[in-house]
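Below is one structure, written out as structure tokens, with a few remarks after it.
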Amino acid sequence: MKYNYKKIEKKWRYIHKKFNFLKFNKKKNKKFYILNMFPYPSGYGLHIGHSIGYIYTDIISKYKLRLGYNILNPIGFDSFGLPAEQYALKTKNLPKNIIKKSIYNYKKQIKKLGVFLNWDKEINTSDDKYYKWTQFIFIKLFNSYYYKNKILPIKKINFKIKSENLNKFRLAFLKYSYINWCPKLNSILANDEIENGRSIRGGYKVILKKTLQWHLRITKYIPKLLKDLDNLKWPDNVKNNQIKWIGLKNVYTIKLKLFKKNFKIFSINKKRSIHSIIFNYPSRFTNYILNLINKTQKKKIIKLLNKNYYNEKFKILIKFKNNYRKKINIYISNYYKNYYLKDTYINYKEDKEFKKVKTIYILKSKNIIYIKYTFKKKYIYNLKDIIYSRQRYWGEPIPIYYINNIPYSINKKYLPLKLPNISKKYFIKSKFNLNYIKKWAWDDINKKVTYKKYINNKNKVYPLDVNTMPSYAGSNWYFLRYISPNYKKFLFNNKINYWKNVDLYIGGKEHINGHLLYSRFITKFLYDLNIIKFKEPFKKFIPQGIILNETYIIYKYKNTIYSFDIINDKFKKKLQKIYINKKDIILNKYLNIFKKKYNKYNLIKNKFNKILCEVKIEKMSKSKYNIITPDSIIKKYGIDCFRLYIIFLGPFQEKKIWNINKINGIKRFLNKVWNFFLIKKNKKINKIYKIKIYKYLNLIHLNFKKFIIYKNISIFMKIFNILIKNKIYNLKLNKIILILLSNYIPYITEEIWNRLGNKGSIFYEKIKIIKYKDNLIKYLILINNKFKDTIYTDKDNNNLTYLKNIIYNKVYYPDKIKKIIFIKNKIINILF
RNA sequence: GUCUAGAUGGUGAAAUAGGUAAACACGCAGGACUUAAAAUCCUGUAAUUCAAUUAAAUGAAUUUUGCGGGUUCGAUUCCCGCUCUAGACACCA
């Protein structure tokens with residue numbers, strides 16, 4: 001019998017609305033704060049990539065919930081920023097309205113995924129109740145300075161400084177700096193918003209321009225940002241990325257001396273790290289170098305030496321005495337001045353090792369060459385103070401006014417400083433900027449915004465800052481606001497102290513550098529102010545792989561379309577790239593030229609008389625016509641099927657190419673589950689199967705612990721293959737399996753749960769971890785490293801002397817045995 | 001240029017601490033049921049060779065985790081070199 005997912009899912013979605021599964025429970029003493037990076041509600045809606053994240057966190061939180069944790073799994077929207085503004089200009093609307101619509105759509109789509117979220121905690125960064133506190137943090141930064149590892153209020157500077165010079169101390173301060181200026185977008189852009197000297201959005205030219213900008217003094221926090229990385233459960237490559245973004249640069253001055261038999265060979269004095277050494281040729285020590293490298297490299301060098309000039313790079317491994325290894329580059333050149341070394345920094349961890357070691361020696365060499373070195377150190381960082389202002393409309397206004405060009409902050413009592421309302425007409429006409437608005441001055445007597453024409457020092461009406469904050473201003477502290485989103489003050493202490501920082505954070509790889517670093521900085525700042533009691537925002541972070549899909553491209557020049565296979569690379573640069581819809585293609589690769597759309601173009605066909613288009617695999621994007629939305633799949637297969645399939649796709653962190661073909665396997669599996677549980681029988685289980693299944697169940701729990709949840713699906717499949725094949729119907733066991741399965745497929749399991757005669761929701765059932773005892777110990781018998789047999793033994797006879805007898809019965813010539821390798825609990829390898 | 005990650009069947013992939021490579025699925029091939037189709041179920045599915053047989057079932061051996069080498073009784077896993085792919089950063093300031 002097939003199960004009717006449409007009916008069942010509709011029914012349970014309706015019933016689940018009435019429950020608040022994630023409701024806080026005082027009796028529970030464990031907490032789990034799990035968080036997805038909040039989405040940017042673009043007009044295009046939720047796509048497959050987003051939904052993986054939500055389903056992933058949902059499965060983990062459903063599991064943790066029933067292990068007895070209080071769960072916080074909130075959601076919100078990051079809604080300030082350029083995309084909404086540009087989309088507004090395009091559609092002749094206001095950003096405010098667009099965001100409203102998009103959020104409505106997003107929520108509708110997310111609710112279809114069968115996820116439990118704390119909807120009562122929802123936030124929105126462009127809501128003035130939220131950005132009031134973004135401004136509050138800015139004022140705190142503005143009014144603080146960093147002194148001897150502490151944050152002090154700027155008022156407490158105990159020596160006389162003119163107020164205009166306070167800028168040098170504030171953590172939020174004004175400074176002239178070169179910024180990437182895009183005249184067309186009328187905005188500054190971050191480095192990562194630019195590609196090949198052009199803005200990524202729009203592709204406009206970007207120039208450098210010196211302007212007065214707000215900055216945040218993140219550089220004061222660099223030592224802490226580096227040091228605290230050690231305690232985080234983040235993937236190493238993410239940590240390394242942070243280290244490199246901060247970029248402690250090579251600043252060692254090193255004297256190198258190479259010795260062999262105390263014979264001085266070479267010395268170098270450069271302000272460079274030890275990563276590279278330049279050798280000049282011809283010289284006395286070239287032969288030694290040639291001994292260090294392998295044959296093919298040697299041949300290369302000898303060839304080089306016959307030329308008039310040469311330079312070549314080789315790598316050799318240096319091993320330090322404390323087992324620390326590092327590759328270094330060797331350059332061989334007769335004009336080494338041109339070969340100025342570029343790879344020149346020592347990262348934070350290596351730095352420590354350098355302090356310890358006094359001599360290093362080079363591996364792979366018969367003659368060991370000792371290198372002595374001395375160095376002085378200095379620190380230079382790649383990371384610069386964050387530029388924190390944008391010349392845009394759609395962002396948080398900076399709560400600052402100016403008296404005689406000196407900045408003063410608006411008292412927090414009078415926050416939020418609301419973004420001025422404007423009409424659609426005005427917005428469309430001008431590329432908007434707060435500079436042009438008439439009602440944008442601060443009345444310091446009445447404490448409110450007033451018209452610019454009243455600006456007058458005597459009346460205490462002053463000009464307001466015309467900048468807004470960048471898009472990451474709202475996102476670098478949002479995880480704190482989720483805990484008490486509607487609280488009148490900044491943070492509700494009791495709740496903050498309970499939930500603390502995020503236990504598991506999930507999000508896109510593209511945010512590894514910026515967003516994570518800035519959040520960490522703000523968290524540390526609030527810690528130093530004693531507002532919160534933890535130093536890091538996200539204890540564990542798992543980056544999510546993107547989903548790619550096929551795109552189809554045709555190349556056009558003026559009024560002519562060329563077949564892709566007849567275009568060479570030079571010509572390709574001239575041509576206009578046009579992404580086309582899959583529907584316009586036949587035979588997968590050939591453009592369907594008979595569609596009306598393309599009738600107006602001249603067509604240059606290939607020798608087979610066809611127009612071939614290019615097929616690429618790229619990130620999903622509306623402009624590339626390769627977006628897949630969950631809606632269509634859910635309609636066809638149901639929510640449970642979609643949820644299980646999208647997790648079954650593969651490792652969460654890897655990028656994946658979208659492919660719907662394998663969903664049939666999931667569909668079959670769900671039918672299997674449905675039909676299996678409808679048989680209401682209760683039998684005893686055979687011990688062998690019981691142990692097998694319990695082993696699998698333990699594995700499932702282990703994978704949950706590691707947050708590797710995709711592997712569990714195949715384990716479930718294995719379990720059901722055993723159950724069905726051997727006709728095992730045991731109520732107790734079935735319940736355990738069903739509850740675990742409900743993390744993945746909530747609706748079908750909920751229906752089965754009720755049909756089996758249980759009352760209430762399956763999501764109020766506790767998950768119990770069953771410990772089993774397996775007395776049998778398995779040994780693999782290998783003969784000359786080849787697997788031959790398995791034998792089982794118990795604890796009392798877990799030794800070679802006992803096992804030898806069994807083995808000798810199986811082996812034909814026990815006299816000829818040369819050696820037996822015995823590894824306890826694992827293996828016996830017999831060598832002849 | 002530097003750094004990081006990765007490479008396993010036709011496809012997605014699995015292999016806990018170095019110990020039976022390819023679990024679990026998809027797809028494909030063959031079969032059962034059916035007037036037919038869909039669905040479902042069963043069997044096979046890394047490669048090569050050999051034995052045997054009318055044929056099928058079967059049995060055995062060798063090779064195989066991008067390429068080459070090392071450590072080890074034993075390497076998908078650790079080490080070195082190379083090739084390719086992806087990502088991040090920088091160069092300008």
Side-chain angles (χ1 to χ4, degrees), chain A residues 1-2 177-180 191-192 197 208 210 235-247 249-250 273 275-276 293-297 313-317 319 325 327 329 339-345 347 363-364 382-384 509-510 512-514 543 545-546 548 617 644-645 648-651 653-669 671-672 675 695-696 698-699 702-703 706 708 710-721 724 778-790 818-823 825-832:
Chain A
M1 198 178 102
K2 266 169 93 182
S177 67
Y178 286 97
I179 46 100
N180 304 309
N191 277 334
D192 48 325
L208 285 177
K210 198 177 184 182
D236 285 344
N237 58 340
V238 178
K239 283 188 188 180
N240 279 337
N241 255 304
Q242 291 259 314
I243 290 165
K244 267 154 200 166
W245 181 277
I246 293 165
K249 276 193 175 174
N250 157 53
S273 79
H275 286 214
S276 318
I293 51 191
N294 65 30
K295 282 177 188 172
T296 48
Q297 285 180 331
K313 192 185 81 179
F314 301 95
K315 281 185 178 178
I316 58 170
L317 187 83
K319 192 179 173 187
R325 287 152 183 247
K327 278 183 209 167
N329 294 327
Y339 241 72
Y340 201 65
L341 306 180
K342 284 175 186 171
D343 54 316
T344 48
Y345 59 84
N347 83 25
L363 282 179
K364 276 203 159 184
N382 199 26
L383 186 72
K384 277 158 196 163
K509 276 183 175 164
E510 65 271 26
I512 280 175
N513 293 322
I546 44 168
L548 312 171
I617 288 166
L644 203 59
Y645 178 62
F648 193 59
L649 276 176
Q653 300 192 26
E654 297 296 317
K655 64 161 196 259
K656 293 166 213 99
I657 296 163
W658 177 249
N659 182 355
I660 191 71
N661 294 338
K662 290 174 179 60
I663 203 166
N664 281 335
I666 299 296
K667 214 170 112 187
R668 276 174 209 154
F669 176 67
N671 275 327
K672 263 188 193 177
N675 288 324
K695 264 188 183 173
Y696 280 141
N698 267 20
L699 253 181
L702 191 76
N703 285 336
K706 294 179 188 168
I708 312 171
Y710 75 96
K711 284 185 190 173
N712 283 346
I713 297 172
S714 61
I715 297 173
F716 279 124
M717 287 171 173
K718 282 179 197 175
I719 290 175
F720 275 90
N721 285 347
I724 292 167
K778 189 180 173 187
Y779 274 94
L780 300 182
I781 309 290
L782 308 183
I783 293 177
N784 285 338
N785 303 319
K786 294 247 157 121
F787 169 78
K788 279 288 174 240
D789 210 345
T790 49
K818 278 183 187 167
K819 204 180 175 186
I820 294 181
I821 288 153
F822 175 76
I823 287 148
N825 301 333
K826 255 187 192 173
I827 236 162
I828 299 165
N829 191 2
I830 302 160
L831 301 174
F832 281 101

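Owing to the predicted nature of the structure, the values given are computational and were not obtained by experimental measurement.
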Go through [options] for me and flag the one nearest to the [X] side chain.
X	options	value
A:Ile823	B:rC73, B:rC24, B:rG12	B:rC73
A:Lys826	B:rA25, B:rU20, B:rG19	B:rG19
A:Lys718	B:rG19, B:rC24, B:rA25	B:rC24
A:Phe648	B:rC24, B:rG19, B:rA15	B:rC24
A:Leu780	B:rU20, B:rC26, B:rA23	B:rU20
A:Ser714	B:rA25, B:rC73, B:rC24	B:rC24

Query raised in the report: Are A:Lys662 and A:Leu649 side-chain neighbours, meaning at least one heavy-atom pair lies under 4.5 Å?
Result: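 A side-chain contact is absent here, since even the closest heavy-atom pair is not under 4.5 Å.
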Query raised in the report: Does some side-chain heavy atom of A:Met717 sit less than 4.5 Å from a side-chain heavy atom of A:Ile666?
Result: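 They are in contact (side-chain heavy atoms under 4.5 Å apart), so the answer is yes.
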Output the rounded distance in Å from [atom1] ([X]) to [atom2] ([N]).
X	N	atom1	atom2	value
A:Ile713	B:rA23	CD1	C1'	15 Å
A:Ile724	B:rU40	CD1	P	13 Å
A:Met717	B:rC24	CE	P	11 Å
A:Asn703	B:rA14	CG	C1'	11 Å
A:Asn664	B:rA38	CG	P	13 Å
A:Lys662	B:rG10	NZ	P	14 Å
A:Ile719	B:rC24	CD1	P	13 Å
A:Ile663	B:rG27	CD1	C1'	16 Å

Report the base-pairing partner of [N] (Watson-Crick or G-U wobble, both distances below 3.5 angstrom), or none.
N	answer
B:rG18	none
B:rC89	B:rG1
B:rC78	B:rG70
B:rA7	B:rU83
B:rA13	none
B:rA38	none
B:rA23	none
B:rC50	B:rG59

Whole-Å [atom1] distance, [N] and [M]:
N	M	atom1	answer
B:rA29	B:rA21	P	31 Å
B:rG69	B:rU83	C1'	15 Å
B:rA25	B:rA14	P	15 Å
B:rC28	B:rU11	C1'	11 Å
B:rU65	B:rG9	P	10 Å
B:rA61	B:rC84	P	40 Å
B:rG6	B:rU16	P	15 Å
B:rA15	B:rU20	P	13 Å

Check whether any side-chain N or O of [X] sits under 4.0 Å from OP1 or OP2 of [N], and answer yes or no.
X	N	value
A:Tyr710	B:rA14	yes
A:Arg668	B:rU40	yes
A:Asn671	B:rA39	no
A:Asn698	B:rU16	no

Sugar-phosphate, base or nothing in reach of [X], heavy atoms under 4.0 Å:
X	value
A:Asn829	base
A:Lys695	nothing
A:Leu782	base

Report task. Assign each of A:Lys706 and A:Ile666 to its nearest nucleotide of RNA chain B by heavy atoms, then name whichever residue's nucleotide is nearer the 5' end. Result ->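 Residue closer to the 5' terminus by nearest nucleotide: A:Lys706.
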**Report entry** Pairwise 5' ranking along RNA chain B for A:Asn721 and A:Leu699, keeping only the more 5' one
**Finding:**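 Going by which nucleotide is closer to the 5' end, it is A:Leu699.
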What's the separation between atom [atom1] in [X] and atom [atom2] in [Y], rounded to the nearest 0.5 Å?
X	Y	atom1	atom2	answer
A:Asn703	A:Asn698	CG	CG	11.0 Å
A:Ile708	A:Gln653	CD1	CD	9.0 Å
A:Phe669	A:Asn721	CZ	CG	8.5 Å
A:Tyr696	A:Leu702	OH	CG	14.5 Å

Query raised in the report: Name the one of A:Asn829, A:Leu782, A:Ile828 that satisfies side chain to side chain contact (heavy atoms under 4.5 Å, CB included) with A:Ile821?
Result: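 Single pass found, and it is A:Asn829.
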Requested in this report: Tell whether A:Lys672 reaches the base of B:rU40 with its side chain through a donor-acceptor pair below 3.5 angstrom.
Outcome: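 When only heavy-atom distances are counted, A:Lys672 does not reach the base of B:rU40 through any donor-acceptor pair under 3.5 Å.
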Report task. Indicate syn or anti for B:rG9, taking the glycosidic torsion and treating anything within 90° of 0 as syn. Result ->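 Chi for B:rG9 falls in the syn range.
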Query raised in the report: So A:Phe648 and A:Phe716, ring-ring contact (aromatic ring centres under 6.0 Å, His included) or not? Walk me through it.
Result: CA-CA 12 Å; A:Phe648 193 59; A:Phe716 279 124; over 10 Å; no
